[in-house]
Amino acid sequence: MIDVVVVDDQALLRGSFRVLVDSAPDLRVVGEAGDGAEAVAVVRATSPDVVLMDVRMPNVDGIAATREISSFAAARVLILTTFDLDEYVYSALRAGASGFLLKDTPPADLLAAIRVVAAGDALLSPSVTRRLVAEFTRLPTPRSIRLDGITEREQDVLLLIARGLSNTEIMRDLHLSAGTVKTHIGRLLHKLRARDRAQLVIAAYESGLVTARS
């Protein structure tokens with residue numbers, strides 16, 4: 001069973017998300033919150049697997065709450081917003097979010113997204129990663145991450161992850177087996193101390209790999 005906390009400042013939306021999540025046999029809502037501060041408290045109390053997090057909320061917003069939750073909890077944060085803006089995408093991922101969805105996402109896709117992030121994978125659509133690449137190639141970014149100890153082949157894999165390619169697409173582009181791709185990704189997660197694929201994308205940007213080799 002996957003435990004979920006729903007965070008949104010609109011009670012009607014929280015209720016709708018609760019009904020939807022609870023309708024799935026493998027998912028259940030274990031808590032709700034109306035702002036970021038309350039979300040942090042609820043996560044501490046319930047230790048969920050996934051947090052559905054709104055961005056724009058009074059007092060403490062979803063980005064700040066995500067940053068704090070990621071500092072102490074194993075819960076994966078899935079950002080939900082009505083605003084498809086680049087600044088939210090980057091800020092959310094940089095704060096530790098594992099995925100980003102619009103609130104008008106079809107119900108079945110939302111439930112699937114919860115399962116994806118609960119399994120430890122990142123939910124990054126190609127459109128999201130393309131916008132991130134465009135933003136990072138346009139603006140100077142801090143080189144706060146070094147790739148010391150990352151092999152050339154691992155850098156190849158990391159670059160393709162940052163471009164939004166799936167494991168299957170990486171297999172095809174680099175002519176590798178599924179097991180080898182998973183091994184490389186596992187080593188990248190360990191070496192870069194990344195929680196998931198989303199954090200590997202950020203690492204690729206902040207190391208300069210994307211702008212250097214794109």
Side-chain angles (χ1 to χ4, degrees), residues 50-51 53 55 62-63 66-67 69-71 74-81 83-102 105 109 112-174 176 180-214:
V50 176
V51 180
M53 181 74 74
V55 172
I63 304 301
T66 296
R67 185 176 298 108
I69 289 169
S70 297
S71 73
R76 308 287 179 174
V77 178
L78 180 57
I79 296 290
L80 290 172
T81 182
F83 303 95
D84 187 14
L85 299 178
D86 294 343
E87 64 185 275
Y88 289 137
V89 176
Y90 173 67
S91 297
L93 296 177
R94 189 68 184 84
S98 294
F100 184 95
L101 285 177
L102 296 179
T105 297
D109 291 347
I114 293 172
R115 297 183 182 104
V116 166
V117 298
D121 294 325
L123 190 73
L124 294 174
S125 69
S127 64
V128 167
T129 51
R130 279 197 298 270
R131 294 204 310 276
L132 283 168
V133 169
E135 180 68 12
F136 272 82
T137 53
R138 184 177 67 85
L139 298 174
T141 59
R143 299 295 179 256
S144 58
I145 295 177
R146 297 176 62 88
L147 297 181
D148 297 343
I150 305 298
T151 68
E152 183 176 351
R153 180 56 87 187
E154 287 166 353
Q155 288 190 36
D156 292 338
V157 172
L158 182 60
L159 179 62
L160 294 182
I161 289 173
R163 288 176 173 169
L165 271 65
S166 66
N167 283 17
T168 300
E169 291 168 330
I170 293 172
M171 288 167 51
R172 182 197 64 210
D173 279 30
L174 299 181
L176 300 174
T180 300
V181 171
K182 289 181 179 179
T183 296
H184 284 313
I185 292 174
R187 288 174 177 166
L188 286 167
L189 290 168
H190 174 72
K191 291 179 179 180
L192 296 173
R193 298 180 181 179
R195 287 166 58 101
D196 54 31
R197 202 182 191 96
Q199 301 310 301
L200 289 181
V201 172
I202 294 297
Y205 295 147
E206 296 198 341
S207 68
L209 179 65
V210 170
T211 55
R213 300 183 60 179
S214 293

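Heavy-atom basis, side chains included; hydrogens, waters and symmetry copies ignored. Not measured: the values here are computed from a predicted model.
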**Message:** Quick check against the 3.5 Å criterion: does Ser207 have a side-chain atom that pairs as donor or acceptor with the backbone of Ala203?
**Reply:** yes

**Item:** Inter-residue atom distance Leu80.CG - Thr105.OG1, 0.5 Å rounding
**Value:** 7.0 Å

**Asked** Has the side chain of Asp109 got a donor or acceptor atom that lies under 3.5 Å from a matching backbone atom of Ala112?
**Response** no

**Request:** Name all residues meeting the salt bridge (charged side-chain N to carboxylate O under 4.0 Å, His left out) criterion together with Lys191; count only those two or more places apart in sequence or in a different chain, and write none if there are none.
**Result:** Glu154

**Fill in**
When rounded to the nearest 0.5 Å, the distance separating CG of Leu158 from OH of Tyr205 is 10.0 Å

**Message:** If the condition is side chain to side chain contact (heavy atoms under 4.5 Å, CB included), which residues does Leu160 pass it with, not counting sequence neighbours?
**Reply:** Arg163, Leu165, Ile170, Asp173, Leu174

**Asked** Does some side-chain heavy atom of Arg76 sit less than 4.5 Å from a side-chain heavy atom of Ile114?
**Response** no

**Request:** Report yes or no: does Thr66 contribute a side-chain atom to a donor-acceptor pair with the main-chain N or O of Gly62 at less than 3.5 Å?
**Result:** yes

**Residue pair Arg146 / Leu192: nearest heavy atoms and the distance that separates them** = O-CD2, 4.1 Å

**Message:** Please find the pair of heavy atoms, one from Leu189 and one from Arg197, that lie closest to each other, and give the distance.
**Reply:** CD2-N, 4.3 Å

**Message:** If I take atom CG from residue Leu78 and atom CE from residue Met53, how far apart are they, to the nearest 0.5 angstrom?
**Reply:** 10.5 Å

**Complete:** When every non-hydrogen atom of Val181 is compared with those of Met171, the smallest separation belongs to CG2-CG, 3.5 Å

**Message:** For a quick test of reading the model, state the closest non-hydrogen atom pair linking Gly96 to Arg195 and the distance between them.
**Reply:** O-NE, 4.1 Å

**Asked** Mind checking what makes side chain to side chain contact (heavy atoms under 4.5 Å, CB included) contact with Arg172, not counting sequence neighbours?
**Response** Glu169

**Asked** Closest approach of Val77 and Ile69, non-hydrogen atoms and distance?
**Response** CG2-CG2, 4.2 Å

**Item:** For Thr183, side chain to side chain contact (heavy atoms under 4.5 Å, CB included) partners two or more places apart
**Value:** Arg187

**Prompt:** For Val201 and Ile161, what are the C-alpha separation, side-chain angles and deciding distance, and is it a side-chain contact (heavy atoms from CB on, under 4.5 Å)?
**Reply:** CA-CA 6 Å; Val201 172; Ile161 289 173; 3.9 Å; yes

**Message:** I need the minimum non-hydrogen distance between Val117 and Ser98, along with the two atoms involved.
**Reply:** CG1-O, 3.9 Å

